[in-house]
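Working notes for the structure below.
A, B, ... follow the sequence lines: proteins, then strands. Residue 1 opens every chain. Predicted model only: the values in this text are computed from it and were never measured.
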There are 2 protein chains.
Amino acid sequence: MTEPAPKTRIQKKNTGVILEAALDVFSQHGFRGATLDQIAQASGLSKPNLLYYFPSKEAIHISLLSGLMDTWLDPLRRLDPGGDPVDEIVGYVRLKLRMARDYPRESRLFANEIVQGAPRILDQIEGPLKALVDEKAAVIGGWAEAGRIAPHDPHHLIFSIWATTQHYADFDVQVRGILGGGADPFSEAEAFLTGFYRRALEPR
Amino acid sequence: MTEPAPKTRIQKKNTGVILEAALDVFSQHGFRGATLDQIAQASGLSKPNLLYYFPSKEAIHISLLSGLMDTWLDPLRRLDPGGDPVDEIVGYVRLKLRMARDYPRESRLFANEIVQGAPRILDQIEGPLKALVDEKAAVIGGWAEAGRIAPHDPHHLIFSIWATTQHYADFDVQVRGILGGGADPFSEAEAFLTGFYRRALEPR
DNA sequence: TGAGAATCTGACCAAACGGTCAAATGGGAG
DNA sequence: CTCCCATTTGACCGTTTGGTCAGATTCTCA
């Protein structure tokens, strides 16, 4: 599936530069809205030179998406079945929110792709992503059955965490437009979300 | 801002047909990804005929967006300061989720637009949308101060409702990919979200 | 240093795109 | 029926887009 890894020093540098520039452009305009010329200009390379390193526009996009999937799933992977249930889940919320703050382009890249039907990563969703979510949902479900957290559907609990945290990256414009210029959405969001999830999860 | 209302019977019918087809196409592919030919084919009209009713592709898009904003805000408008606080907010969650279920194309149209910076509706966000949100946030804030709901930042509470409900429309592919074929995401989501918000909001 | 491979570029191409226009067709009021 | 205006269309245009290619330049290593 992946191309053979870059060999030479120049290849390593330029594929990196291209992917960085492409992340900028794709996350801002979506796949169809981005043009090779934009990516070329952003990366400081000529258009034919892009196509020397990647066989097509779509190949750049796919390379970005599959490279990101791992990073994106990492916080969930860290959810520890042996830890304190509420702390673990709230910690996951906090971690996911920080990723939205620190990697908004990555978040928007995924959002763009999935909103439009995820034609290029549907198999990854139904494969490794589903597997990991099912595994962690089982852990959370176990906590719920043991009465260590309030009883909530674990899959939808995870969805809600994704939704609420990525919202601050994907809908950044809307959030800032409503809050006004003075506020820092992310620090406010961290206070709100940790309090909110803690209250919803603590058993009574 | 708006064009003069359609006069003749044919005008009324065809502008409707066009907007319906355009909603399909724009919500699936985004503004840049949609083409006039696609909209023409979906509406059963010829491309020049589209441009007889709308001056440009962008005009169709803007017409859709501004026509939708009102519908989209309606559930929030219905939040009653005189009702029971928890019931009102949970009722809003339920209403918003049903809109996501019944009007997923509209939700995705907004999502596409906002993810990419909302270039065509930023003023509506900072204007009437912000005004309505501020008004309702004040109501919720009052409930919190009176101890009738748990203390949560009202603006971010509203954001979380938007995020969790629209998630089921905007990220439908992902949700179904993870849940598998058997489930009905929306009825599961309603059970989860009402329980979750009730628990997070009820004062102790 | 020199030869061969790797890297880079200007010029170019075919298709797709948003949009125009003159002319043809259709509907409806008198 | 007729005339006029609304509606519809095929043909066309200039631009943008993803991608190609032959050749120039640079790098690497024996």
Side-chain angles (χ1 to χ4, degrees), chain A residues 2-65 109 112-113 116 119-120, chain B residues 2-65 109 112-113 116 119-120:
Chain A
T2 340
E3 307 295 314
K7 297 273 179 176
T8 76
R9 178 181 49 90
I10 296 182
Q11 263 174 25
K12 212 168 286 187
K13 188 191 70 178
N14 279 350
T15 53
V17 168
I18 291 172
L19 289 175
E20 167 68 22
L23 177 57
D24 249 33
V25 176
F26 280 133
S27 68
Q28 235 173 79
H29 306 287
F31 177 74
R32 194 57 165 33
T35 72
L36 282 178
D37 293 275
Q38 284 177 297
I39 300 173
Q41 188 171 1
S43 65
L45 301 179
S46 68
K47 187 169 61 168
N49 207 6
L50 291 191
L51 296 164
Y52 172 72
Y53 290 101
F54 292 90
S56 69
K57 177 185 175 183
E58 189 169 18
I60 303 177
H61 196 241
I62 291 178
S63 176
L64 271 179
L65 285 173
L109 186 77
N112 264 310
E113 184 68 7
Q116 299 184 10
R120 278 168 277 269
Chain B
T2 340
E3 306 296 314
K7 296 273 178 176
T8 78
R9 178 180 50 89
I10 297 181
Q11 263 174 25
K12 213 168 286 187
K13 188 191 70 177
N14 279 350
T15 53
V17 168
I18 292 172
L19 288 175
E20 167 68 22
L23 177 57
D24 249 32
V25 176
F26 280 133
S27 68
Q28 234 172 80
H29 306 287
F31 177 74
R32 193 60 166 31
T35 72
L36 283 178
D37 293 274
Q38 284 176 296
I39 300 174
Q41 188 171 0
S43 63
L45 302 178
S46 68
K47 187 169 61 168
N49 207 5
L50 290 190
L51 297 164
Y52 173 72
Y53 290 101
F54 292 89
S56 70
K57 176 186 174 183
E58 190 169 16
I60 303 178
H61 195 241
I62 291 178
S63 176
L64 272 179
L65 285 173
L109 186 76
N112 263 310
E113 184 69 7
Q116 298 184 10
R120 276 167 279 269

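Counting only heavy atoms from C-beta outward, the side chains of F31(A) and E58(A) approach each other to under 4.5 Å. Put simply, the side chain of K13(B) does not reach to within 4.5 Å of the side chain of I18(B), judged on heavy atoms. A 4.5 Å side-chain heavy-atom check between H61(A) and L109(A) finds at least one atom pair inside the cut-off. A heavy-atom distance below 4.5 Å is found between the side chains of Q38(B) and H29(B). Contact of the R120(A) side chain with the E113(A) side chain is registered, since non-hydrogen atoms from C-beta on lie closer than 4.5 Å. Residues L64(A) and E20(A) have side chains not in contact (no heavy-atom distance under 4.5 Å, counting atoms from C-beta outward). For the pair I10(B) and Y53(B), the minimum side-chain heavy-atom distance is below 4.5 Å.
Atom CD in Q41(B) sits about 15 Å away from atom C1' in dC17(C), given to the nearest Å. One can place NZ of K13(B) at 17 Å from P of dA6(D), the figure rounded to the nearest angstrom. Straight-line distance from the CG atom of L36(A) to the C1' atom of dG10(C): 17 Å, rounded to whole Å. Taking atom CG of residue L50(B) and atom C1' of nucleotide dC21(C), one finds them 16 Å apart after rounding to whole Å. Distance CG (L45(A)) to C1' (dG18(D)): 17 Å, rounded to an integer number of Å. The separation between K57(A) atom NZ and dA16(C) atom P is 14 Å, rounded to whole Å. Rounded to whole angstrom, the span from the CZ atom of F31(A) across to the C1' atom of dT17(D) amounts to 12 Å. Note: NE2 (H29(B)) to P (dC17(C)) measures 11 Å, nearest angstrom.
Put simply, N49(B) has no side-chain N or O that comes within less than 4.0 Å of OP1 or OP2 on dT7(D). Residue N14(A) places at least one side-chain N or O closer than 4.0 Å to OP1 or OP2 of dC8(C). The shortest distance between the side-chain N/O atoms of Q11(B) and the OP1/OP2 oxygens of dA6(D) is not below 4.0 Å. Distances shorter than 4.0 Å separate none of the side-chain N or O atoms of Y52(A) from OP1 or OP2 on dC8(C). Remark: Y53(A) is in phosphate contact with dC8(C), judged by side-chain N or O atoms under 4.0 Å from OP1 or OP2. Remark: T8(A) is not in phosphate contact with dA6(C), judged by side-chain N or O atoms under 4.0 Å from OP1 or OP2.
Once rounded to the nearest 0.5 Å, the distance linking CD1 of I62(B) with CZ of F54(B) reads 11.5 Å.
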Between the protein and nucleotides 20-30 of chain D, are there any N/O to N/O pairs under 3.5 Å, and if so, what are the atom names and distances?
{"unit_1": "dT28(D)", "atom_1": "OP1", "unit_2": "R9(A)", "atom_2": "NH2", "d": "2.8"}

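The shortest non-hydrogen separation linking N112(B) to F26(B) is ND2-O, 3.9 Å. Contact detail for S63(A) and L19(A): the closest heavy-atom pair is OG-CD2, 3.8 Å.
Nucleic acid contact for A34(B): sugar-phosphate only, since backbone atoms but no base atoms lie under 4.0 Å from a heavy atom of the residue.
One end of the helix from dT1(C)-dA30(D) to dG30(C)-dC1(D) points its axis 10° away from the other end's axis, with each axis taken from 5 pairs and the angle rounded to 10°.
Between G44(B) and D37(A), it is G44(B) whose nearest contact on DNA chain D lies nearer the 5' terminus.
Distance from the side chain of R32(B) is smallest to dT17(D) among dG19(C), dT17(D), dG19(D).
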